[in-house]
2 protein chains.
Amino acid sequence: MGHKLTENLSDTDCVRHFKAIQDTQYILNGKWKVLIIAMLAQGKRRYLELQRILEGIGSKMLSKELQHLEINGIVLRTVTNAKPISVEYELTAYGKTLKPLTDEMARWGIAHKHHLRNK
Amino acid sequence: MGHKLTENLSDTDCVRHFKAIQDTQYILNGKWKVLIIAMLAQGKRRYLELQRILEGIGSKMLSKELQHLEINGIVLRTVTNAKPISVEYELTAYGKTLKPLTDEMARWGIAHKHHLRNK
DNA sequence: ATAAGCACTTCCCTTTAAGATAGCAGTTCC
DNA sequence: GGAACTGCTATCTTAAAGGGAAGTGCTTAT
């Protein structure tokens, strides 16, 4: 049943490829995680700062998503013992490895807007 | 309020960046679309072929997702007038612009598996 | 005539994601 | 002492995503 051999992965490779994509999707899943990561890629942010910039997110969502990302080693949570208590979130070194992905999502989204405009 | 100016986008840029990510997420949204695109990146496929390789997807999902991708110009659907009717799906030129993204998702997923293993 | 293959569509149901609203604990400021 | 700010958590409800099974329309094979 032959398309060209060179442009197809074997079935086993194919399954491995799919599993990998699914693993990535598991980490980034939902409406907000990529956005949170993209924000934190620009530097540390505090809880209410995140909530303000991510317009529309509720506290429940935000804390749930941050916990998910923390558990998976993407985000680091630090409580500073400053006068008014404050909690800072930032990407871990590992979290930063997602930057090419979030950048590519942003890049494609921008290209997509141009594409729609010129149709 | 100053992190280094060079590593932060302005608020307006930030919003534009987020909107772009959201647009991309809209196109790729759900459990199956990225997988379908990754499959079709390897070449044309027929409906039942897709369903067989994407283990677990139901006919309803598959046709819904394919329609969504077709409407958005990612996928091209062709009915061949062969003896047993067959329908072929492939990426459009525009759909192929998503390859860097799906590749990066696969790449990160594989790296992630290694990361978990070495912890 | 019957059966089987392909590409779907329809209907119904369960699970999950997301949103709105409220509340709480610990400061600090007035 | 009351209000306000920060960082949450809990509850309740709604909306959307996803899955299973069955059925449709067409064609070819037996």
Side-chain angles (χ1 to χ4, degrees), chain A residues 1 3 18-19 21-37 39-40 43-72 74-90, chain B residues 1 18-19 21-37 39-40 43-72 74-91:
Chain A
M1 209 113 302
H3 305 269
F18 285 1
K19 288 262 163 64
I21 290 176
Q22 286 172 330
D23 291 345
T24 303
Q25 285 189 120
Y26 170 76
I27 296 294
L28 299 181
N29 132 331
K31 199 171 163 180
W32 300 105
K33 291 192 194 81
V34 179
L35 260 21
I36 292 170
I37 292 167
M39 267 206 68
L40 294 179
K44 294 184 186 186
R45 293 288 183 175
R46 295 172 49 181
Y47 185 85
L48 287 184
E49 243 182 315
L50 285 166
Q51 190 169 20
R52 183 176 43 80
I53 303 176
L54 266 41
E55 327 176 2
I57 198 173
S59 334
K60 186 184 88 173
M61 266 298 137
L62 182 53
S63 64
K64 213 193 59 182
E65 299 296 62
L66 286 168
Q67 279 164 30
H68 185 278
L69 293 170
E70 202 193 345
I71 286 167
N72 288 288
I74 309 295
V75 156
L76 180 68
R77 179 180 181 274
T78 320
V79 182
T80 68
N81 41 9
K83 313 105 191 231
I85 188 176
S86 91
V87 182
E88 287 193 330
Y89 293 91
E90 64 193 298
Chain B
M1 209 108 302
F18 285 0
K19 289 261 163 65
I21 290 175
Q22 286 172 329
D23 290 347
T24 303
Q25 285 188 122
Y26 170 77
I27 297 294
L28 298 181
N29 128 334
K31 199 171 162 177
W32 299 106
K33 292 192 194 81
V34 179
L35 260 22
I36 292 169
I37 292 166
M39 268 206 67
L40 294 178
K44 293 185 186 184
R45 293 287 183 175
R46 294 173 49 182
Y47 185 85
L48 287 184
E49 244 182 314
L50 285 165
Q51 190 169 19
R52 184 175 42 79
I53 303 177
L54 264 43
E55 326 176 2
I57 198 174
S59 332
K60 185 184 88 175
M61 267 296 137
L62 182 53
S63 63
K64 214 193 57 185
E65 298 295 63
L66 286 168
Q67 279 165 30
H68 185 277
L69 292 171
E70 202 193 345
I71 286 165
N72 287 289
I74 310 293
V75 155
L76 179 67
R77 179 181 182 273
T78 320
V79 182
T80 68
N81 40 9
K83 312 105 190 230
I85 188 177
S86 90
V87 182
E88 288 193 329
Y89 293 92
E90 65 194 297
L91 292 185

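Reminder, nothing fancy here: chain letters follow the sequence lines and each chain counts from 1. Side chains included, hydrogens not; waters and symmetry mates left out as well; all remaining heavy atoms used.
- If you check every strand for non-hydrogen atoms under 4.0 Å, B/G30 touches sugar and phosphate atoms only.
- Taken from OH in B/Y89 to CD1 in B/I37, the straight-line distance is 14.5 Å, to the nearest 0.5 Å.
- At least one side-chain heavy atom of A/I53 sits less than 4.5 Å from a side-chain heavy atom of A/R45.
- The interatomic distance linking B/L66 (CG) with C/dC8 (C1') rounds to 11 Å, in whole Å.
- Remark: B/Y89 is in phosphate contact with C/dC8, judged by side-chain N or O atoms under 4.0 Å from OP1 or OP2.
- The interatomic distance linking A/Q22 (CD) with D/dG18 (P) rounds to 12 Å, in whole Å.
- For the pair B/Y47 OH and C/dT9 C1', the computed distance is 9 Å after rounding to whole Å.
- Nearer to the 5' terminus of DNA chain C, by closest-nucleotide assignment, is the contact made by B/L48 (compared with the other of B/L48 and A/N29).
- The side chain of B/R46 has C/dA7 as its nearest neighbour among D/dG19, D/dT6, C/dA7.
- Considering only side-chain atoms of B/R77, the nucleotide from C/dA7, D/dT9, D/dG18 that sits closest is C/dA7.
- Residue B/K64 contributes atom NZ, which lies 9 Å from atom C1' of D/dA16 at whole-angstrom precision.
- At whole-Å resolution of the value, NE2 in B/H68 and C1' in D/dG18 are 15 Å apart.
- Scored by the side chain to side chain contact (heavy atoms under 4.5 Å, CB included) test, A/R46 finds A/E49, A/S86, A/E88 as partners (sequence neighbours excluded).
- Regarding A/L54, its CG atom lies at a distance of 15 Å from the C1' atom of C/dG19, rounded to whole Å.
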Under a 4.0 Å heavy-atom criterion, the protein footprint on nucleotides 21-30 of chain D, written with B, S and -, is ------SS--
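- How far CZ of B/R77 is from CD of B/Q67: 8.0 Å, rounded to the nearest 0.5 Å.
- One interatomic measurement links the two molecules: CG of A/L62 to P of D/dT6, which rounds to 14 Å at whole-angstrom precision.
- Taking 4.0 angstrom as the limit, A/K31 places a side-chain polar atom (N or O) nearer than this to OP1 or OP2 of C/dG19.
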Donor-acceptor contacts under 3.5 Å from residues 23-30 of chain B side chains, at least two apart:
{"residue": "B/D23", "atom": "OD2", "partner": "A/K113", "partner atom": "NZ", "Å": "3.2"}
{"residue": "B/T24", "atom": "OG1", "partner": "A/M105", "partner atom": "O", "Å": "2.7"}
{"residue": "B/T24", "atom": "OG1", "partner": "A/G109", "partner atom": "N", "Å": "3.1"}
{"residue": "B/T24", "atom": "OG1", "partner": "B/A20", "partner atom": "O", "Å": "3.2"}

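- Comparing D/dC8, C/dC8, D/dG19 by their nearest atom to the side chain of B/M61 picks out D/dG19.
- Following rounding to the nearest Å, B/I57 (CD1) and C/dC8 (P) show an atom-to-atom distance of 13 Å.
- For B/Q51, the side chain to side chain contact (heavy atoms under 4.5 Å, CB included) test picks out B/Y47, B/L48, B/I57, B/S59, B/L62, with sequence neighbours left out.
- Between D/dT9 and A/Q67, a contact under 4.0 Å exists linking OP1 or OP2 to a side-chain N or O.
- A search for side chain to side chain contact (heavy atoms under 4.5 Å, CB included) contacts involving A/E90 returns A/K44, A/L76, A/T78, not counting sequence neighbours.
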